[in-house]
Visitor: 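Please read through the structure below; I'll follow up with questions.
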Amino acid sequence: MPEFTSRRGLLFGTAAVSAGALLTACTSNEPSKEESTANDQPVADDKPGKEVTIGFAGPQADHGWLNAINDNAKKRAERYQDVTLEITEGSNDTAAQIGQIETLINKKVDVLVVLPADGKALTQVGLKAMRAGIPVVNLDRIFNTPQAYRCWIGGDNYGMGLNAGHYIGEKLKDKKNARVVELAGIDNLELTKQRTQGFDDALKNYPNIRKVARQAAEFTVESGQAKMAQLLQAQSKIDALWNHDDDQGVGALRAIEQAGRDEFLMVGGAGALSAFQAIKADNGVLKATVLYPPTMAASAIDLARALGQSKGVSGLAEFEIPASLTLYSAVVDKDNVDQYMSTGFK
């Protein structure tokens with residue numbers, strides 16, 4: 001994740017009122033007023049500034065990735081002397097989460113960071129905060145309207161599937177009649193559909209590869225083990241597996257070991273520490289995982305602080321923070337796993 005330490009680039013004006021003025025502009029080494037104004041525009045950095053109270057509301061941390069979201073937010077806030085973090089007790093009950101956010105609104109926090117249990121269901125409370133003059137950073141699960149948030153930051157589910165498909169495709173591009181299977185997440189979630197679509201679109205670039213089976217698990221170890229066992233029983237030989245989630249991948253690996261299967265490569269998803277460790281050990285089928293980085297919560301705190309201090313983002317020429325930021329889903333394998341090891345969640 002980039003740190004907010006570098007200065008923003010220059011903005012150049014292009015007005016000329018006469019040929020003489022244009023000549024002066026072209027030959028002078030003195031900075032223009034426009035350039036000086038751009039350079040002087042405050043940007044967020046690590047130096048203490050205006051004190052900001054950030055309200056943070058997320059779902060219950062009943063999954064390794066969600067727990068990492070909370071940890072990243074807390075640790076990032078602790079880094080800043082000028083940030084006070086008001087964090088709610090996570091809840092998967094939409095009514096309870098709405099009540100928690102309304103409490104933060106009534107406390108008149110300066111900025112809200114919200115990872116909704118259900119983006120659609122919590123849109124109205126996002127609108128309520130914005131109308132009360134409290135800017136909202138919408139984290140990952142998006143509200144139904146941009147009017148409910150000032151900035152959205154989140155992962156790229158389609159890109160996650162796309163990169164997994166291309167990684168597998170490149171590994172199998174010289175193999176005739178290659179067979180792949182997919183262990184998806186919860187099927188009624190839009191993110192699962194997007195991941196599958198990205199994966200399928202990537203595989204279209206490799207005519208020698210065919211997806212022969214797909215099972216949907218539930219992002220849990222138990223469901224991963226059960227659904228993977230079904231895939232292995234139905235498919236006597238496969239060349240690659242893409243698993244959407246590293247937590248359910250723990251169960252999938254158990255099923256693979258119990259079945260005594262090792263003829264294929266496996267690509268995971270999200271970026272769990274256990275996956276990174278298995279990739280580094282390189283003594284099993286798991287060869288890579290595609291990130292869905294929980295560090296987005298730390299970035300959300302950075303953005304909320306910048307909003308509360310009326311600052312922009314360093315490295316960008318604009319005076320304000322962006323309206324949306326989509327994080328890249330990098331592929332982590334044995335060649336770069338050491339770089340990402342510290343970001344792995346438990």
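We're numbering straight along the sequence, starting at 1. Quick caveat: nothing in here was measured; it's all calculated off a predicted structure.
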Visitor: Taking CD in Gln147 as the centre, count heavy atoms belonging to other residues, nucleotides or ligands within less than 6.0 Å. Is the count above 12?
Guide: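 Counting neighbours around CD of Gln147, 12 or fewer heavy atoms of other residues, nucleotides or ligands fall under 6.0 Å, so no.
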Visitor: Any salt bridge between Glu78 and Arg76, counting N to O under 4.0 Å?
Guide: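 Salt bridge flag = no for Arg76 with Glu78.
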Visitor: For a salt bridge (Lys or Arg N to Asp or Glu O under 4.0 Å) with Glu182, tell me which candidate from Arg210, Arg214, Lys227 qualifies.
Guide: Arg214
Visitor: Just by distance, do the side chain of Gln60 and the backbone of Ser91 share a donor-acceptor pair under 3.5 Å?
Guide: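 Such a contact is absent between Gln60 side chain and Ser91 backbone.
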Visitor: Just checking, any donor-acceptor pair under 3.5 angstrom between side chains of Gln309 and Asp82?
Guide: yes
Visitor: Quick one about Glu102 and Asn106 (side-chain donor to acceptor, distance below 3.5 Å, no hydrogens or angles considered), yes or no?
Guide: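 No donor-acceptor contact under 3.5 Å links the two side chains.
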Visitor: Could you tell me if Asn208 and Asn177 have a donor-acceptor pair between their side chains, going purely by distance under 3.5 Å?
Guide: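 Side chains of Asn177 and Asn208: no pair found under 3.5 Å.
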Visitor: Is any side-chain heavy atom of Thr53 closer than 4.5 Å to a side-chain heavy atom of Leu85?
Guide: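 No, every pair of side-chain atoms sits at 4.5 Å or beyond.
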Visitor: Atom CG in Asn138, atom CG in Leu303: separation rounded to 0.5 Å?
Guide: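 The distance works out to 12.0 Å.
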Visitor: Using a cut-off of 6.0 Å, state whether more than 12 heavy atoms not belonging to Glu190 lie near its atom CD.
Guide: yes
Visitor: Answer yes when Asp333 and Lys287 have at least one side-chain N-carboxylate O distance shorter than 4.0 Å, and no when they do not.
Guide: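 Answer for the salt bridge query: no.
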Visitor: Where do Asp245 and His63 come nearest, in terms of heavy atoms and distance?
Guide: OD1-NE2, 3.1 Å
Visitor: So among Lys173, Arg179, Lys171, Lys175, which one has a salt bridge (Lys or Arg N to Asp or Glu O under 4.0 Å) with Asp239?
Guide: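 That would be Lys175; it is the only one of Lys173, Arg179, Lys171, Lys175 passing the salt bridge (Lys or Arg N to Asp or Glu O under 4.0 Å) with Asp239.
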Visitor: Is it the case that over 12 heavy atoms from other parts of the model lie below 6.0 angstrom from the CD atom of Glu89?
Guide: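 No, not enclosed.
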Visitor: Between Ser310 (side chain) and Ala306 (backbone), is there a donor-acceptor pair under 3.5 Å?
Guide: no
Visitor: What heavy-atom pair brings Leu232 and Ile256 nearest, and what distance separates the two atoms?
Guide: CD1-CA, 3.8 Å
Visitor: Does the side chain of Val125 come within less than 4.5 Å of Ile105's, by heavy atoms?
Guide: yes
Visitor: Would you name the heavy atoms of Ala61 and Asn70 that are closest together and state the gap between them?
Guide: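 Result for this residue pair: CB-ND2, 3.5 Å.
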Visitor: Taking the six-membered ring of Tyr158 as reference, does the NZ or CZ atom of Arg195 fall below 6.0 Å from its centre and within a 45° cone about the axis?
Guide: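 Not flagged: Arg195 not positioned over aromatic ring of Tyr158.
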Visitor: Under 4.5 Å between side-chain heavy atoms, hopping through other hydrophobics if needed: is there a path connecting Ile101 to Ile301?
Guide: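 Not linked; separate clusters.
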Visitor: Return yes if some donor-acceptor pair links the side-chain N/O of Ser223 with the main-chain N/O of Glu218 below 3.5 Å, else return no.
Guide: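 It does hold such a pair.
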Visitor: Take atom NZ in Lys237; do more than 12 heavy atoms of anything else shown fall under 6.0 Å from it?
Guide: yes
Visitor: Please walk me through it: do Asp302 and Arg305 pass salt bridge (charged side-chain N to carboxylate O under 4.0 Å, His left out)?
Guide: CA-CA 5 Å; Asp302 288 336; Arg305 176 174 176 261; 6.0 Å; no
Visitor: Whether the Asp156 and Tyr292 side chains hold a donor-acceptor pair (N or O, under 3.5 Å, no angle test) is what I'd like checked.
Guide: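 The criterion, which ignores hydrogens and geometry beyond distance, is not satisfied for Tyr292 and Asp156.
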Visitor: Run the numbers on Leu231 and Met228 for side chain to side chain contact (heavy atoms under 4.5 Å, CB included), then give the verdict.
Guide: CA-CA 5 Å; Leu231 280 172; Met228 190 68 226; 4.2 Å; yes
Visitor: Rounded at 0.5 Å granularity, tell me how far CD1 in Ile186 sits from OG1 in Thr192.
Guide: 6.5 Å
Visitor: Return the orientation label for the His166 and Tyr206 ring planes: parallel under 30°, perpendicular over 60°, tilted otherwise.
Guide: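 Taking Tyr206 first and then His166, their aromatic rings stand perpendicular (interplane angle over 60°).
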Visitor: Does any non-hydrogen side-chain atom of Arg254 lie less than 4.5 Å from one of Val221?
Guide: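 Yes, close enough: below the 4.5 Å cut-off.
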Visitor: Could you check whether any side-chain N or O of Gln194 sits under 3.5 Å from a backbone N or O of Gly159, counting only pairs where one atom can act as donor and the other as acceptor?
Guide: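 No: the side chain of Gln194 does not pair with the backbone of Gly159.
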Visitor: Which heavy-atom pair separates Phe345 from Ala68 by the least distance, and what is that distance?
Guide: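 In this case the closest contact between Phe345 and Ala68 is CB-CB, 3.3 Å.
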Visitor: How close do Pro48 and Gln81 get, heavy atom to heavy atom, and via which atoms?
Guide: CG-OE1, 3.8 Å
Visitor: Taking all non-hydrogen atoms of both residues, which atom of Leu112 and which atom of Ala129 are closest, and how far apart?
Guide: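 Leu112 and Ala129 have their closest heavy atoms at CD1-CB, 3.6 Å.
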Visitor: Could you give me the CA-CA distance, side-chain angles and deciding distance for Asp200 and Lys211, then say whether salt bridge (charged side-chain N to carboxylate O under 4.0 Å, His left out) is met?
Guide: CA-CA 8 Å; Asp200 290 346; Lys211 188 170 79 172; 2.8 Å; yes
Visitor: Strictly below 4.0 Å, N to O, side chains only: are Lys74 and Asp71 in salt-bridge contact?
Guide: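 Salt bridge between Lys74 and Asp71, a charged N being under 4.0 Å from a carboxylate O: no.
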Visitor: Does Ile279 reach the side chain of Thr289, with side-chain heavy atoms less than 4.5 Å apart?
Guide: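 Yes, close enough: below the 4.5 Å cut-off.
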